[in-house]
**Q** 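Take a look at this one; I'll ask things after.
What you see is a predicted model, and the numbers here were worked out from it, not measured in a lab.
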2 protein chains.
Amino acid sequence: MVAQRGRRNGAAAKRTRTPAAPDADNAPTAEMPAVAEAAGADPEARAKSIPEAAVARLAVYLRVLSGMADQGSTTVSSEELSNAAGVNSAKLRKDLSYLGSYGTRGVGYDVAVLIGHIERTLGLTRQHKVAVVGIGNLGHALANYGGFPGRGFPVEALFDIDPDLIGVPVGGLPVSHIEDIPAVCTERQISIGVVATPPTAAQSVCDRLVAGGVQCILNFAPVVLQVPEHVEVRKVDLAVELQILSFHVARRADSEMNGSVTGNGVVVP
Amino acid sequence: MVAQRGRRNGAAAKRTRTPAAPDADNAPTAEMPAVAEAAGADPEARAKSIPEAAVARLAVYLRVLSGMADQGSTTVSSEELSNAAGVNSAKLRKDLSYLGSYGTRGVGYDVAVLIGHIERTLGLTRQHKVAVVGIGNLGHALANYGGFPGRGFPVEALFDIDPDLIGVPVGGLPVSHIEDIPAVCTERQISIGVVATPPTAAQSVCDRLVAGGVQCILNFAPVVLQVPEHVEVRKVDLAVELQILSFHVARRADSEMNGSVTGNGVVVP
DNA sequence: GCCACTTTGTGCCTGCGTTCACAAATGGCT
DNA sequence: AGCCATTTGTGAACGCAGGCACAAAGTGGC
Ligand SMILES: NC(=O)c1ccc[n+]([C@@H]2O[C@H](COP(=O)([O-])OP(=O)(O)OC[C@H]3O[C@@H](n4cnc5c(N)ncnc54)[C@H](O)[C@@H]3O)[C@@H](O)[C@H]2O)c1
Ligand SMILES: NC(=O)c1ccc[n+]([C@@H]2O[C@H](COP(=O)([O-])OP(=O)(O)OC[C@H]3O[C@@H](n4cnc5c(N)ncnc54)[C@H](O)[C@@H]3O)[C@@H](O)[C@H]2O)c1
């Protein structure tokens with residue numbers, strides 16, 4: 001019996017939206033009451049009503065389930081799965097209920113069936129081709145990482161501005177020049193662009209990706225990108241992550257300032 | 001006064017809901033919001049009441065402000081700053097109000113003063129030493145990254161299990177063996193541990209970091225880490241980020257499936 | 001010194017996300 | 001066949017966070 005209960009760890013990235021059109025912004029979560037009519041036999045239609053936060057968790061459940069499937073499990077209860085995913089079991093059930101009633105009461109969920117439904121809901125039945133821009137420290141790591149292709153996100157284009165890098169294969173794929181971003185992305189049907197350039201270059205690179213028809217951008221540069229309304233941006237900002245941790249350290253150090261010490265960085269009187 | 005409310009770790013508290021709710025008047029939300037209550041004038045004490053989401057934004061404001069300071073700006077209005085940070089101006093003002101009233105009505109905020117207050121609130125006045133474990137693709141990128149030390153997060157220890165890596169300097173720092181994690185972390189007063197190992201090794205590495213007195217962990221491995229209550233974990237999961245983007249692509253493709261096309265990956269009829 | 005203008009700080013309302021608790025469904029056991 | 005243990009699915013409550021709108025507070029012009 002595991003006494004350990006749910007850890008928190010929130011989502012790491014933040015969505016940004018262009019402040020250009022304050023009137024029509026109407027965040028992705030449909031403004032329409034939408035009522036989520038039960039008649040929705042269409043799983044795709046149902047997708048519209050899934051809360052953003054739940055989508056992030058579904059991805060986590062999916063990975064846990066994949067691990068369980070590899071281990072030979074065929075069914076799993078909400079309690080088990082929620083424990084492995086680090087969330088409350090009620091929340092897990094509610095999340096799963098967004099994609100329909102695919103569990104069996106008294107038994108649990110069929111692992112394979114659940115995997116299929118989550119994949120379909122997250123749009124993982126199609127492949128999403130990825131381009132990485134900025135093949136420096138981080139770009140190299142991303143290009144060499146084997147975990148993406150295996151999950152339906154093949155890296156199919158690399159770009160940089162450095163003449164010494166152009167044509168050099170990284171992770172088996174030659175680097176192209178950023179001038180060619182629009183043409184190459186259009187031609188290869190790239191749908192996700194990853195920005196790993198220095199912050200100063202990020203916006204111009206982003207513009208080229210958009211010109212190439214890319215629909216989503218994953219941004220590692222510490223800047224707020226401006227994009228058209230139809231492009232989705234997610235930001236991964238390590239400096240912010242560290243600063244949030246720093247805040248918690250400070251908060252704890254403050255409330256515990258009476259001798260007892262649980263970690264480094266605190267003076268022991 | 002510690003007052004550890006607010007966290008969700010609802011440990012044992014069974015809290016059966018009685019309709020009458022005789023326990024306290026905390027049920028009606030209309031009453032005094034209890035936040036910002038007895039928080040004295042002490043800025044550190046006030047930190048406890050800052051919402052998690054606001055902390056993340058404060059870190060973003062801080063970076064924008066630093067850029068403005070470098071550019072010579074001395075004051076900034078909430079409108080300007082919120083634009084640059086990509087948020088609503090009212091939200092920004094509310095976030096800043098958590099750290100006190102340090103703006104001047106009719107003028108705006110003094111950039112330098114604001115930077116100082118945010119830094120103090122986030123605990124950036126002290127340095128937070130960082131250790132990176134798993135010096136592979138990602139670990140190398142992190143170890144070589146110059147952006148962390150400049151912001152008060154010096155990388156002061158590297159660890160791996162690969163004998164070929166031990167002793168090799170990466171980014172000017174030699175790699176140590178993971179066996180030495182507890183000793184080295186304790187000795188060098190490491191407060192933040194970064195896990196960049198394969199997922200299978202992540203939990204054991206995490207345990208060693210905790211044994212070394214590390215207070216926070218930034219986890220890049222796609223697993224849910226189990227840690228004692230006093231350790232804070234944040235997870236950066238690129239696969240999840242991509243899957244969230246994938247969901248949005250699927251959703252958009254679904255709602256727009258009538259010829260008009262705004263990006264790649266959609267068949268044009 | 002007064003007035004008009006700017007901008008902050010915040011009370012209030014709305015809506016989302018989380019949690020609880022329980023009825024309904026289901027399988028296994030006697 | 002009937003009952004019990006188990007587990008799902010969800011209605012309802014609760015609390016946090018976001019956003020509007022306005023009073024308070026300050027600046028600068030005249
Ligand atoms: N390395 C890390 O661990 C890390 C951590 C956090 C954030 N980041 C951020 O990720 C980004 C990349 O970091 P990095 O360490 O890989 O930097 P890097 O300097 O190693 O690599 C940057 C790459 O971008 C290329 N580049 C420069 N200008 C370009 C342009 N206009 N168009 C296309 N490519 C261009 C450079 O040639 C170089 O190859 C930075 O914004 C950094 O702040 C990196
Ligand atoms: N590279 C990326 O772009 C990327 C992207 C997303 C997620 N990740 C995750 O980050 C982690 C690291 O990725 P990577 O690409 O750097 O992998 P990698 O294989 O290049 O590096 C892993 C490193 O960890 C070391 N290691 C193995 N077992 C260890 C142990 N028990 N203790 C300490 N070190 C050990 C290995 O020697 C190696 O140096 C993985 O969990 C991966 O899923 C990486």
**Q** Is the phosphate of D/dT7 approached by A/Ser77 (side-chain N or O, under 4.0 Å from OP1 or OP2)?
**A** no

**Q** For A/Gly108 and A/Lys94, take the nucleotide of DNA chain D holding the closest heavy atom to each; which residue's nucleotide lies nearer the 5' end?
**A** A/Gly108

**Q** Using atom types as modelled and distance alone, determine if a side-chain donor or acceptor of B/Asn219 lies under 3.5 Å from a backbone N or O of B/Val223.
**A** yes

**Q** How would you summarise protein contacts on nucleotides 21-30 of chain D per nucleotide, using B for base, S for sugar-phosphate only and - for none, with heavy-atom distances below 4.0 Å?
**A** B--BBSS---

**Q** How long is the line joining NZ of A/Lys91 and P of D/dT7, in whole Å?
**A** 21 Å

**Q** Between atom OH in A/Tyr102 and atom P in C/dT26, what is the gap in whole Å?
**A** 15 Å

**Q** Within the distance-only criterion (no hydrogens, no angle test), does the side chain of A/Arg120 pair as donor or acceptor with the backbone N or O of A/Thr125 below 3.5 angstrom?
**A** no

**Q** Run through B/Arg151, B/His128, B/Arg126 and flag the one making a side-chain hydrogen bond (donor to acceptor under 3.5 Å, both in side chains) with A/Ser246.
**A** B/His128

**Q** Donor-acceptor check, side chain of A/Gln243 to backbone of B/Ala56, threshold 3.5 angstrom: yes or no?
**A** no

**Q** Quick one: B/Leu114 CG to C/dG9 C1', roughly how many Å, whole number?
**A** 14 Å

**Q** Does A/Tyr109 put a side-chain nitrogen or oxygen below 4.0 Å from OP1 or OP2 of D/dG9?
**A** yes

**Q** Applying side-chain contact (heavy atoms from CB on, under 4.5 Å), run through A/Cys216 and A/Val233 and close with a yes or a no.
**A** CA-CA 6 Å; A/Cys216 305; A/Val233 176; over 6 Å; no

**Q** Expressed in angstrom and rounded to an integer, what is the separation of B/Leu92 atom CG from C/dT8 atom P?
**A** 8 Å

**Q** Figure out the CG/C1' separation between B/Asp110 and C/dT8, and round it to whole Å.
**A** 15 Å

**Q** In whole Å, I'd like the distance from the CG atom of A/Asn88 to the C1' atom of D/dT8.
**A** 14 Å

**Q** Atom CD of A/Glu52 and atom C1' of C/dG15: how far apart are they, to the nearest Å?
**A** 15 Å

**Q** Take the protein atom CG of A/Leu81 and the nucleotide atom P of D/dG9, then report the distance between them rounded to whole Å.
**A** 12 Å

**Q** Please determine which of A/Thr121, A/Leu122, A/Asp95 meets the side-chain contact (heavy atoms from CB on, under 4.5 Å) test together with A/Ile50.
**A** A/Thr121

**Q** Going by the salt bridge (Lys or Arg N to Asp or Glu O under 4.0 Å) test, which pairs reach into residues 64-90 of chain A, not counting sequence neighbours?
**A** none

